[in-house]
Amino acid sequence: MSRDPVQSAERPTDDGAAPPGDAEAPFLDLLARGATADAYEQPVLRARAEGRPAERIAALEHAKLLALRVRAELEGRRRREAELSALFETAHDLAGLRDVDAVLQAIVQRARSLLGTDVAYLSLNDPVRGDTYMRVTEGSVAARFQQLRLGMGEGLGGLVAQTARPYVTDDYFRDERFRHTTSIDAGVRDEGLVAILGVPLMLGPHVIGVLFAADRRARVFEREQIALLGSFAALAAAAIDTANLLTETRSALADLEHANEIIKDRSGVIERASDVHDRLAELVLRGGGVHDVAAAVSEVLDGTVEFTEADAAPADALEASRAEGHAMPHRDDWIAAVTAGGELLGALVLRGHPGLDPVDQRTLERAAMVTSLLLLARRSAAEAEQRVRGELLDDLLDARDRDPRLLRERAARLRADLDATHVVLAARLDTSAPDADHEADARRRLWSAASHLAATRQGLAAARDGGTVLLLPLAPGDTATDLARRTARHLGTAVHEPVTVGASAPVAHPAADPDAVVAGYEEGRRCLDALRLLGRSGDGAAAEDFGFLGLLLAGDRDIGGFVERTIGQVVAYDARRGTDLVRTLDAYFACGMSPARTKDALHVHVNTVAQRLERVGRLLGDDWQSPARALEIQLALRLHRLAGPVQS
């Protein structure tokens with residue numbers, strides 16, 4: 001059966017006196033059990049009730065005081081141990097900081113628990129807005145209080161921030177040391193707070209916020225509690241500083257990563273620029289064209305680049321690019337003007353590439369520059385070739401004593417064959433210029449177009465007698481008339497004005513017979529004049545197109561050719577079949593185109609005359625008896641009789 005420690009401690013010894021140290025025993029037991037402070041009065045009260053000697057009661061009183069001192073010391077040590085443990089745990093959380101909000105929440109929770117307050121909260125300064133806002137709360141129940149924003153210097157927190165020292169108030173609403181505001185007082189009243197302790201959060205000499213502990217009843221905060229809250233505030237400031245450093249570090253790492261990406265991208269762009277530079281240089285060296293440049297840049301820029309004429313590009317963007325010297329955006333495209341010495345030669349257009357890197361933009365501009373150089377080089381080469389072609393044709397027309405072998409060699413270098421059959425063509429513009437300058441410009445354009453045509457057709461061209469003369473090869477199955485008409489259309493389209501072209505009869509061997517070239521040029525000029533006199537400006541024709549008038553235009557009076565063109569089919573028919581169609585035609589025209597008189601002259605039946613004339617119509621065409629055709633046929637019959645039979 002258990003004994004009451006107080007009673008056992010009070011039992012006297014055999015001689016009636018209490019044993020030594022017997023007064024401390026009940027208090028040691030109370031200390032061991034962790035009894036409340038009130039329980040330490042019980043041994044003294046019991047001794048008095050039992051009438052113990054005064055010495056005994058005095059000993060118990062003395063032991064009680066010692067026990068209470070020991071108890072207070074133990075309580076203080078336990079409290080400090082708890083505080084140190086909480087600080088250690090907070091420091092541990094700070095060392096493994098991943099979420100600053102979680103660390104701050106833990107600090108506020110532990111501060112509230114150790115200080116035994118109803119509420120704990122933490123506010124931070126907002127340098128952007130110039131005020132203070134509630135960051136973390138623990139134990140708060142009022143929404144308005146949790147969302148408070150305080151102006152600098154307002155409320156208890158403002159006083160702490162201004163002085164960088166802890167402040168405590170036993171009764172918030174009666175404390176006049178700080179400036180009260182309606183909004184802050186309303187939030188504190190909603191929360192029901194009375195006693196508030198605030199300590200500063202310091203980063204170096206700067207206050208960045210305040211840590212608070214508050215009760216809803218009057219309370220005096222002890223010095224140890226103020227120090228403890230200050231320790232938590234230091235940890236909170238360290239957590240915030242660490243979080244800021246982590247944020248700055250992450251931001252710096254992100255910036256470094258971004259910079260690294262930019263460097264990689266720049267490196268790639270520079271490599272692409274170097275690649276396109278090498279490709280463009282190679283194109284220039286091997287004589288590539290503008291479309292080769294466009295294709296190379298298309299591949300490098302991963303887009304579609306095209307060369308266009310100036311009038312086909314967007315006018316505003318093209319003019320801006322020309323003025324600025326840079327590629328200019330136009331909707332989803334980029335336009336780079338191709339210029340040389342202020343002259344607009346065209347444009348490079350990058351299709352469907354709205355976002356263009358500056359280095360890629362420079363690549364497009366460099367490609368436009370290379371394109372202009374190629375165009376200038378091509379123009380210079382073309383002009384040089386035009387001069388050479390013109391000089392060779394001038395020598396054929398003017399220096400007919402030149403060695404044919406040398407003429408052939410010079411022509412071969414121009415890819416022309418002066419042993420093939422050619423046609424000499426005289427071309428002239430048929431519009432009147434307002435002044436001499438405009439006329440000279442029109443002639444230059446005609447000569448340029450004729451030279452280009454001669455180069456593409458492997459012929460020759462030269463400016464002469466206010467117009468242009470061409471020596472073009474005659475393809476098998478082609479005629480001088482067809483060639484003249486095609487040339488008139490081509491040159492007229494090129495210069496945007498009517499061009500009249502007169503052609504000579506075919507010249508078989510220009511190099512061996514320069515005189516024939518001269519005669520052909522004169523014949524072509526006469527045909528050109530005849531076309532203009534007949535109102536056929538802008539057309540092309542040869543002497544053969546003018547019937548017997550062509551005999552007057554032709555330089556060599558091609559009688560056989562005229563007879564062949566006019567009645568050659570009838571003569572050939574008689575030769576093959578042994579018929580008398582030519583004799584019948586002679587008699588028919590001699591008899592005034594009367595079949596009845598013709599039968600008498602031929603001594604045949606009228607039906608025979610009709611059948612023969614029907615056969616002639618099938619050979620010469622239905623219009624053979626028209627006045628113009630009849631006149632030509634009669635002339636051809638007379639020339640046929642004079643020249644003898646035409647061999648088929």
Side-chain angles (χ1 to χ4, degrees), residues 393 397 421-431 443 446-447 449-450 453-454 457 459-508 510 516-568 620-621 623-624 626-633 635-636 639:
L393 184 52
L397 294 172
T421 300
H422 284 66
V423 173
V424 183
L425 303 109
R428 190 178 302 163
L429 288 166
D430 278 314
T431 56
R443 289 178 180 177
L446 175 60
W447 174 73
L453 176 62
R457 290 291 310 277
L460 305 176
R464 201 173 187 88
D465 299 324
T468 302
V469 57
L470 299 97
L471 183 65
L472 298 180
L474 187 66
D478 205 357
T479 67
T481 298
D482 294 336
L483 182 58
R485 288 174 178 169
R486 285 198 307 272
T487 302
R489 287 195 302 270
H490 180 93
L491 296 179
T493 301
V495 301
H496 305 292
E497 293 184 30
V499 176
T500 306
V501 176
S504 71
V507 179
V517 177
V518 176
Y521 176 53
E522 295 301 328
E523 181 180 338
R525 289 183 62 192
R526 287 194 294 272
C527 288
L528 187 152
D529 292 337
L531 285 170
R532 300 177 74 180
L533 289 172
L534 294 173
R536 292 173 59 185
S537 295
D539 197 1
E544 64 187 31
D545 299 311
F546 296 96
F548 72 90
L549 181 59
L551 293 177
L552 303 177
L553 300 175
D556 58 358
R557 305 294 190 269
D558 185 13
I559 295 174
F562 173 73
V563 172
E564 174 65 27
R565 288 192 299 273
T566 307
I567 62 172
L620 300 182
D623 65 339
W624 70 276
S626 66
R629 289 290 306 279
L631 180 59
E632 291 183 357
I633 292 171
L635 180 58
L639 293 173

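Taking Arg457 as the reference, nothing meets the side-chain hydrogen bond (donor to acceptor under 3.5 Å, both in side chains) condition, with sequence neighbours excluded. Residues passing the side-chain contact (heavy atoms from CB on, under 4.5 Å) test with Ala630 are Phe589, Gln634, sequence neighbours excluded. Applying the side-chain contact (heavy atoms from CB on, under 4.5 Å) rule to Ala484 yields the partners Leu425, Val501, Ala503; only residues at least two apart in sequence or on another chain are considered. Under the side-chain hydrogen bond (donor to acceptor under 3.5 Å, both in side chains) criterion, Thr479 pairs with Asp482, not counting sequence neighbours. For the side-chain hydrogen bond (donor to acceptor under 3.5 Å, both in side chains) test, no residue two or more places apart in sequence or in another chain qualifies with Thr487.
Taking OG1 of Thr481 as the reference point, atom CG of Asp539 lies at 10.0 Å (rounded to 0.5 Å). Distance CD/Glu497 to OG/Ser537: 12.5 Å, rounded to 0.5 Å. Residue His422 holds its NE2 atom at 10.0 Å from CG of Leu483, rounded to the nearest 0.5 Å.
Within the structure, salt bridge (Lys or Arg N to Asp or Glu O under 4.0 Å) contacts touching residues 463-473 (residues at least two apart or in different chains) are Asp394-Arg464, Asp398-Arg464, Asp465-Arg525. The salt bridge (Lys or Arg N to Asp or Glu O under 4.0 Å) contacts involving residues 483-496 comprise Asp478-Arg486, where partners must be two or more places apart or lie in separate chains.
Of all the heavy atoms in Leu491 and Leu453, the pair that sits closest is CD2-CD2, 4.3 Å. In plain terms, the two heavy atoms of Leu474 and Ala480 that are nearest each other are CD1-N, 4.1 Å. In terms of heavy atoms, Leu620 sits closest to Arg629 at O-NH2, 3.2 Å. Among all heavy-atom pairs drawn from Ser504 and Val423, the shortest one is O-CG1, 3.5 Å. Shortest non-hydrogen contact noted between Gly540 and Ala488 is N-CB, 4.0 Å. Counting all heavy atoms, side chain and backbone alike, Val499 lies closest to Ala427 at CG1-CB, 4.1 Å.
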